[in-house]
Every structure is written in C-alpha cells, then in structure tokens.
Amino acid sequence: MFQRFSGNDGSLMNQTIRVRFAPSPTGKLHIGGARTALYNWAFARKNGGSFVLRIEDTDTERSTPENTAQIIRSLRWLGLSWDEGPDAGGSYGPYLQSERTAVYAAVLEQLKARGRVYPCFCTPEELEARREAAQAEKRYSGYDRSCRALSEAEVAERLARGTAHTWRLKLPLDRKTVDFDDLVFGQISVPMEQLDDFILLRTDGTPTYNFVVCVDDAQMRISHVIRGDDHLSNTPKQILVYEAMDTPPPAFAHLSMILGADGKRLSKRHGAASVEDWREEGYLSDALVNYLALLGWSLDGETSIMSRATLTSHFSLARVSRNPAVFDPEKLAWMNQVYLKALGASAFVDAWEPYLVHDGLATAGDIAERRAWFEAVYPLVVERIHTLGEVDEKTAYLFGGGTVALDEESVEKCLEPEGSLAILEAALALLGDEALCWDAEALEATLRTIPELLGLKPRQVFQALRVAVCGNRVSLPLFESMVLLGRDACVERLERAREFAG
RNA sequence: GGCCCGUUCGUCUAGCGGUUGAGGACACCGCCCUCUCAAGGCGGAGGUCACGGGUUCGAAUCCCGUACGGGCUACCA
C-alpha cells in the first residue's frame, strides 16, 4: 500500500504509511493517550496505512499485564482496530518491549562496532556534582564528555576490569543544529549545544527510552510518529540516534497536551481521566471518540457531530491544532446525549441493562421478558439524561409497583395544598371506569377534565397527581408514566397519597 | 538558568494578507412550546484576535521583542 506524501525535505516520495500507538501499561488508558491512539488510527485508516500497537512495558516496577489488558479493552471499546500488536501478531514483532531486549542488545553491538557509542565510567554521584556545578555557573549542564576522551587502552583496561559503565551516544561535534519539520508544529531547530552524549544503555544493562523508541520505530518501519508534545524536545535526540543507526528518521507529528479546567495537565485530580472511567459513568464510545476527535482537530470549523467513518475519510494532520486544549466535560455530556438520542430503543436497553442490574431495579431475565416495556421508557428518558448512569435515578419510581417513595418537599409543595384531596378523588373516580382505555392519549383526555371540574389550574392538578404517582414534582411525562406503571399500581399510589393530601 | 513550543468569545475551534463590522459548537440569558423537568424552535449577550513594535496601500493572518503558560534539560517513559 503506497501513498504519496510530502517528505521532510518537501519532496514527494512513495512510502508505506505505518503509525503506532505505544502506551506504557502503568495505569488505565488516559484521555490523552486515547486521543493520541485515535489520531494515529484515523491517520492510518485515512491513508490506507497500518496501525501498530506496541506496549512499552520496560518499566517493570509499574507495568502490569493487567494494565496492558485493560488498555487493549479500552482501545477496542473506542472502536479502534490495529493491524499489528501483542494480541494481533504481525511481521515486525514482538510488540511487547519487554520481549525485545535481544533486539536492543544487537543494535547496541552494531553501534559499538561502528564507533558511534562509547562507554562512560562516571558514577551517578560524579555526574550529579558536575551538573550542579554547571548549573551554579549557569553553564549547560549536560554531560561533559570526559569519558569520550579516554584512550583506547584505558577503555580496554577498565572494561577488562569490569568497571561499572554506561554506553553513551557519540554526538557529531561538527554540527550546529538538529532540524526537522514537524507535521503539526512546523520547522523546529535545536542547537547542538543543548544536546549531550546521552545514555543509551544503563549500568544495569537496560536500554533507555530514547534508544528503544528509535530501535522499535525503525525496526517496525514506522513512517510517522504521532505522539504527545511532551516528546517534542526529545525528538532531536532521537533523530541523532537514527543517524547513528544509519536509518532515515520517520516523520514526526506532535500533539499538544490536554488540560483540565484549571489549565493544568489533565489528571485524576480533574475527575474521570481514563477511558474506563467515562465508560462506567455511562458515556457512549461514539460520543467520546467524536469529542476527542474535535479536541485538537477540526473538520471544517463548523461540524461537531461526525462518525468514525467521517473521521477516517477526512482526518488530516494539517488541521491538528498546536494549542493545548482544555477538556470540557459539559460539551462531552451534551454530545453524549446527542448520541443517546440517536441510539434507538433496542440498543439503549442493551446499554442500560448493566446499570439496571447493578442498581437492583431489574434482572437480565426481567428485561428479556418485558423487553417492550423497557424500550418504551427510552423515548421518555433519553431527552432528560446525558449519561446512562443517570437513567436509573430518573426511572426508579417506575419500579415500585403500588408504592412509591414520596419526596418530602414535593409533597409539601404539591400535595399538601388545599384541593389536592379533591383532585385525587376525582382522578380515582375517573380511572375507576373499567372501560377507560389505558393509553396516554385516553388518560390525558380523561384527566384533563379535572381542572375544569374543580375550577383549578391544570398545573396544580397535574402536579398533585404527579407527586402522588411519581413521588416527585419532577418526573418523566405523567400520562406515559401511568401507562408504564399500569392501572393497579396507579390506583394504589393515588389511594396511598390521600393521607398526605390537603 | 538554558533551549524548544504555544497564546482568536468562559471552553473547543474556523480563519492561513483584502469578500471578517472575526464564523460555528458547548455553556449562559430571553422568548415560544408545555402536565413538571427536559428536548425542540427562535433570538441575544459574549472576542480592543495576550501585549508592544515593525513590514505592507491593507495584518488575527508575515517579522522582532515582552509577558504569561507548557515541555525538555535524569543511568523516567
């Protein structure tokens, strides 16, 4: 699959598009990570390329297989699919960094053979002291390259003696800058004085991030690295690693950070910060994907509701914003309702079921048996909620049979005032008619006669009946609620309410 | 401290030198609808385009400073 695109030098060239999402399994999939994954996926799908999932689990302290499984679950829930990954296989594996140690060792050996790295025997304490001294004198505090000046004999001698050492990258001393053309940020230029011979392999033999990420991206033939802009400053270092490996670097596209309402980087402090959290609160993946797509990217500046298909047919890095974006839960909530309204009754009941079961309102068996009843609730409740998590609270009064919990304040305001008893009696009399058809239209037509009969305002009548039947002065539409409750339950509730009525 | 990056209504954004008296969306306000709450319809308020200099006939758009914010500056990723 070949695509023409503009290369770093501005020329057009043919290249297979391959992108990757490389999360570290140290926790759940975060909103920021989800957006990075989404943009990578959209870019790959739009350009007919491949999307690779690679797990960066080298931090054995914090990485767990559970987190990896959880991240994969979240990505799938979001509707993203990858062509290669730990679970999907592929010809550039393994896709777990913890299984790639031999690859890193081999590349390091090549770099040694080509004289692009050198051992450093400086201890952390020495480095720390020198760094502090440099900072005190306001000099660049990077490594002073002292071990780079060691003679071959001395190096051989220390190595033979088994002296603890790291391996550092030998930066070219004759360059002035490292330049690259970021697909989002544009031309970036960093002076070489700001870069030092950073460590590729630690004393304990483990490779560092800036090394492994290059090895992996190079070996996996990644064409475009799309990631958070916290890596923008690391990019020059990585370009130097590519040069040492004698491999052309991929194109880079950095995504600005997602912030909380306080302007700080989005985190748990801001409430739900992981995809899993939002799912549990009752957000639809379609809504989350749509919202995330627009957080830092726009189709045309006008469109706000769009499907994954639109995303994958129109996504473009050129339209990715450089400014950090503040995550706005209110807009997500609005968008979620838009998607809930488009869901349809059947899909809604499926999505609602876990909440019903969890809150003890119904069992899976009840739902299967009275499917139509649950589906009838949908059009009433959907325009009054933003998340699935709110549905049970809004509909709980429909489940009590002949009894309902009466809201104290509602009773006080709508049931206790004089005239309520007469309203209840009138309603009971009218509903006692066995011939009355128990549907919303008939109920409304019948009960509409009460205001005139008693000389009361419709509002007063219906609010009294609402509190008697629904237990609260705020509820789903009264007549439809009565239909869902059934005649017996309604009559019983009206009778019970009489003792509170004025 | 040094280096890199960013800065358009409260928020997400459109805008890539003139058709912009800066457009859309969320939130907000009002009206209509109405059995409550919503939803919906209509309308409104809200931006001296961070600030200061330039370049230009003309700048939100290009250049340079300043301020503010973020990132990197680790034997973290």
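The figures here come from the full heavy-atom set of this structure, side chains too, leaving out hydrogens, waters and symmetry mates. Residue numbers begin at 1 in each chain, while the letters A, B, ... track the order of the sequences.
Pair assignment for G30(B) gives C42(B), based on Watson-Crick or G-U wobble hydrogen-bonding distances that are each under 3.5 Å. Across all strands shown, A14(B) forms no Watson-Crick or G-U wobble pair with both distances under 3.5 Å. Pair assignment for A50(B): U66(B), on the basis of Watson-Crick or G-U wobble contacts that are both within less than 3.5 Å. Nucleotide U36(B) forms a pair with no other nucleotide shown, judged by Watson-Crick or G-U wobble geometry with both contacts under 3.5 Å. Both distances falling under 3.5 Å, in either a Watson-Crick or a G-U wobble arrangement, place G1(B) opposite U73(B).
Relative to the side chain of H231(A), the nucleotides A74(B), G6(B), A77(B) differ in distance, and A77(B) lies closest. Among the nucleotides A77(B), G70(B), C5(B), the one closest to any side-chain atom of K264(A) is G70(B). When each of A27(B), A77(B), C75(B) is scored by its nearest atom to the side-chain atoms of I199(A), the top-ranked nucleotide is C75(B). Closest to the S304(A) side chain, of the nucleotides U34(B), A25(B), G6(B), is A25(B).
For the pair R145(A) and Y143(A), the cation-pi test (distance below 6.0 Å, angle within 45°) is failed.
Residue-level contact check: N234(A) touches the bases, meaning some heavy atom is under 4.0 Å from a base atom. Within the 4.0 angstrom heavy-atom criterion, base atoms lie near P124(A). Counting non-hydrogen atoms under 4.0 angstrom, F462(A) reaches the backbone sugars and phosphates but no base. At the heavy-atom level, E56(A) lies under 4.0 Å from the strands shown only through sugar-phosphate atoms. Nucleic acid contact for S189(A): sugar-phosphate only, since backbone atoms but no base atoms lie under 4.0 Å from a heavy atom of the residue.
For H231(A), the ring-ring contact (aromatic ring centres under 6.0 Å, His included) partners are Y209(A), not counting sequence neighbours. Contacts of W167(A) classified as ring-ring contact (aromatic ring centres under 6.0 Å, His included), with partners at least two apart in sequence or in another chain: H165(A).
Near RNA chain B, defined here as any heavy-atom distance below 4.0 Å, the residues from residues 384-398 of chain A are R384(A), listed numerically. Contacts between residues 463-480 of chain A and RNA chain B, defined by a heavy-atom separation below 4.0 Å, involve Q463(A), R466(A), R473(A), V474(A), S475(A), L476(A), P477(A), L478(A), F479(A), E480(A), listed by number.
For the pair Q463(A) (side chain) and R473(A) (backbone), a donor-acceptor distance under 3.5 Å is present. Formation of a donor-acceptor pair under 3.5 Å by the R35(A) side chain with backbone atoms of I31(A) is not found in this model. In this structure, Q135(A) contributes its side chain and S141(A) its backbone to no donor-acceptor pair below 3.5 Å. Not one N or O on the side chain of Y118(A) forms a donor-acceptor pair closer than 3.5 Å with the backbone of L169(A). Looking at Y339(A), its side chain never comes within 3.5 Å of a backbone N or O of S285(A) through a donor-acceptor pair. The backbone N or O of G282(A) sits less than 3.5 Å from a side-chain atom of Y355(A), completing a donor-acceptor pair.
Just one of Q187(A), R322(A), H254(A) meets the side chain to side chain donor-acceptor pair (under 3.5 Å) condition when paired with D182(A); it is H254(A). A side chain to side chain donor-acceptor pair (under 3.5 Å) with Q97(A) is found for exactly one of D216(A), D57(A), D59(A), namely D216(A).
Residue R131(A) places at least one side-chain N or O under 4.0 Å from the OP1 or OP2 atom of A74(B).
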For nucleotides 11-14 of chain B, give me every protein contact, N/O to N/O, under 3.5 Å, one pair per line with atom names.
| residue | atom | partner | partner atom | Å |
| --- | --- | --- | --- | --- |
| C12(B) | OP1 | V326(A) | N | 2.9 |
| C12(B) | O2' | L294(A) | O | 2.9 |
| U13(B) | OP1 | G296(A) | N | 2.9 |
| A14(B) | OP1 | S298(A) | OG | 3.3 |
| A14(B) | O3' | R319(A) | NH2 | 3.4 |

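Salt-bridge annotation for K394(A) and E390(A): absent, with no side-chain N of the basic residue lying under 4.0 Å from a carboxylate O of the acidic one. By the 4.0 Å N-to-carboxylate-O rule, R175(A) lies close enough to E243(A) to be salt-bridged with it.
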Base contacts versus sugar-phosphate-only contacts with protein, heavy atoms under 4.0 Å: please encode nucleotides 40-45 of chain B as B, S and - from 5' to 3'.
S-----
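Comparing Q135(A) and R62(A) by the nucleotide of RNA chain B whose heavy atom lies nearest to each, the residue mapping closer to the 5' end is Q135(A).
For the residue pair D204(A)/T206(A), the side-chain donor-acceptor check at 3.5 Å is satisfied.
Residues I226(A) and F252(A) are not in side-chain contact: their nearest non-hydrogen atoms beyond the backbone lie 4.5 Å or more apart.
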